[in-house]
Amino acid sequence: QKEVEQNSGPLSVPEGAIASLNCTYSDRVSQSFFWYRQYSGKSPELIMSIYSNGDKEDGRFTAQLNKASQYVSLLIRDSQPSDSATYLCAVNSPNISSGSARQLTFGSGTQLTVLP
Amino acid sequence: GAVVSQHPSRVICKSGTSVKIECRSLDFQATTMFWYRQFPKQSLMLMATSNEGSKATYEQGVEKDKFLINHASLTLSTLTVTSAHPEDSSFYICSASPGWSNQPQHFGDGTRLSIL
C-alpha cells in the first residue's frame, strides 16, 4: 500500500509568520513530489513541484525534499490570510502507472489558517 | 500552459437523471486523464483512470456501470453518472498531465453535482 501522510491540522499561524507543512511517503522509489493548494469549494491548484533532494524556492514558497528520510515539506514565508487553504502533498511513483501519465498518491491534506 | 477545462461547473437535477461531465485539455494532449470525487471535508478520492482509445480503469469499489467514462480523443474525457441518486451528490474533479513520467497533474475547476 503506497501511502502519503500529512498532519490534518488545523494549523494556525499569525499573519507574517512562516507556515511549515510536512509530508512523509512510504514508497522509497518515488520520484516526483508536488504540493497543491485547495481553497474550500475549489479544485486543487499546483503550487510547487520538486524532484531532487534539497530546497526549491518559488516566491514565498520553499519545498524541501529528503529522499533518505522519505520526507517532503512546504514552507510559506510571510504568510497571508489568502494562504488559508488545505494543502495537499502528492507523490508520483514509478510503480503506479496508467498509460502515459503516472497516478498521483495524495495525502489527506493539511488545513492552514493564517490569522490576521 | 497546461490548462484543463471542466464543464459544467454545477449541476442540480432530479433523482434518476443521467449527468455527463466533460474534461478537456486545452493546450496539450492527454492520453490519460483522472477522475476524482470529493465529499465535503474529505480527501480527494480517485475514481478511475481514463485512457484514450481504451477502457477506463476503475478503482476498487467504484461501479463502472454507474460511472461511465469515455476518452474518445486526446483532449476530451467524459464522465457520465447514470441514474444519479442523492448519494451521488459530490464534487467531481478531473485532472490531466501534459506528458510522460514526472509531469504534475493539472486539475479542472470541478463539477458540483447535487441530486434532489
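In this text the structure is predicted, and so the values were computed from the model without any measurement. Chain letters run A, B, ... following the sequence lines, proteins first, then strands; residues in each count from 1.
The closest donor-acceptor contact from the side chain of Q6(A) to the backbone of C23(A) lies at 3.5 Å or more, if one exists at all. In terms of modelled atom types and a separation under 3.5 Å, the side chain of S90(B) and the main chain of Q38(B) share a donor-acceptor contact. Remark: the backbone N or O of K66(B) is paired with a side-chain donor or acceptor of T82(B) at under 3.5 angstrom.
Note: Y25(A) and F33(A) have tilted aromatic rings, judged against thresholds of 30 and 60 degrees for the angle between ring planes. The aromatic rings of F67(B) and Y92(B) lie tilted to each other, with the angle between the two planes from 30° to 60°.
The two residues V4(B) and C23(B) make their nearest non-hydrogen contact at CG1-SG, 3.6 Å.
Within the 4.5 angstrom heavy-atom criterion, no atom of Q111(A) approaches chain B. Heavy-atom distances place no part of E52(B) under 4.5 Å from chain A, backbone and side chain included.
The interface of residues 46-76 of chain A with chain B, defined by heavy-atom distances below 4.5 Å, comprises L46(A), S49(A), Y51(A).
Taking 4.5 Å as the limit, some side-chain heavy atom of W35(B) sits within range of a side-chain heavy atom of S77(B).
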